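Any value given below was found using the heavy atoms of this structure, including those in side chains, with hydrogens, waters and symmetry copies removed. Keep in mind the model is a prediction, meaning the values are calculated, not measured. Note that ligands are numbered from 1 as they come in the structure, with each ligand's atoms numbered from 1 the same way.
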Amino acid sequence: MMIVSACLVGVNCKYNGGNNDNDKVKEFLKDKQYIIICPEQLGGLTTPRKPSEINQAGGKEVLIGNSKVISCENKDVTENFVKGAKESLNIAKIFNCKQALLKEGSPSCGCNLIYDGTFTGKKISGMGVTAALFNENNIEVFSEKEL
Ligand code: SF4
């Protein structure tokens, strides 16, 4: 069983109310069993919501309390992101998922790249909060860019 970012298969859970519907992802998943999640919704955030970025760090730093997730309106949403990651992990464990296909670049789901916290569109190496928590719990994470 695989965990998949819900926005990748067309669920309108993205911050702006849209999705990241991806034909390559749907083709890849055609014969597989999977569960869709949106960590940011699971963390109690609304859709639509203000975009957020990790403040000059990665998801691992957020999980150990060394960095925060901040919205573009300067609201601290760290608690929502950590809660969403934990709820996502809970779902992954219930269904014994060993792999997660997640949306690249997201402060929750990014597997290799995230925005740098300046809201200027600049990306840096790093994982989102949920991807980092999955990684720490031996769930292999990969993005739609790696298919
Ligand atoms: Fe997609 Fe993940 Fe962002 Fe939800 S949190 S919209 S699943 S990238």
- Numbering as shown, the atoms of ligand 1 that approach Lys14 to under 4.0 Å (heavy-atom distance): 6 (S)
- At under 4.0 Å between heavy atoms, which part of Arg49 makes contact with ligand 1: side chain, backbone, both or neither? side chain
- Message: With a 4.5 Å cut-off on side-chain heavy-atom distances among I, L, V, M, F, W and Y, is there a chain of contacts connecting Leu102 to Tyr15?
- Response: no
- Item | Under 3.5 Å donor-acceptor, Glu87 side chain and Gly43 backbone | no
- Item | For Phe81, the option from Val69, Ile54, Leu63 that meets side-chain contact (heavy atoms from CB on, under 4.5 Å) | Val69
- Message: Atom NZ of residue position Lys32 - does it have more than 12 heavy atoms of other residues, nucleotides or ligands inside 6.0 Å?
- Response: yes
- Can you sort out which atoms of ligand 1 are near Lys103, meaning under 4.0 Å from one of its heavy atoms? 8 (S)
- For Lys14 and Asn20, which heavy atoms make the closest approach, and how far apart are they? NZ-OD1, 3.2 Å
- Query: Quick one: nearest non-hydrogen protein atom to atom 4 (Fe) of ligand 1, plus distance?
  - Reply: Cys38 SG, 2.4 Å
- Element-labelled atoms of ligand 1 that are located less than 4.0 Å from some non-hydrogen atom of Pro39: 2 (Fe), 5 (S), 7 (S)
- Message: Between the side chains of Glu140 and Lys98, is the shortest nitrogen-to-carboxylate-oxygen separation below 4.0 Å, so that they form an ion pair?
- Response: no
- Is it true that Glu27 and Lys30 make a salt bridge, defined as a side-chain N closer than 4.0 Å to a carboxylate O? yes
- Find all atoms of ligand 1 within a distance of less than 4.0 Å from any non-hydrogen atom belonging to Glu40, and give their numbers and elements. 3 (Fe), 5 (S)
- Item | Per-atom contacts of ligand 1 with Cys109, taking only distances under 4.0 Å to non-hydrogen atoms | 2 (Fe), 5 (S), 7 (S), 8 (S)
- Message: Any N/O/S atom from Cys7 (main chain or side chain) under 2.8 Å of atom 1 (Fe) of ligand 1?
- Response: yes
- Query: For the side chain to side chain donor-acceptor pair (under 3.5 Å) test, which of Lys123, Glu146, Lys145 pairs with Asn112?
  - Reply: Glu146
- Element-labelled atoms of ligand 1 that are located less than 4.0 Å from some non-hydrogen atom of Ala6: 7 (S)
- Show which atoms of ligand 1 fall inside a sub-4.0 Å distance from at least one heavy-atom site of Ser106. 3 (Fe), 8 (S)
- Task: Give the atoms of ligand 1, by number and element, whose distance to some non-hydrogen atom of Ile37 is under 4.0 Å.
- Result: 7 (S)
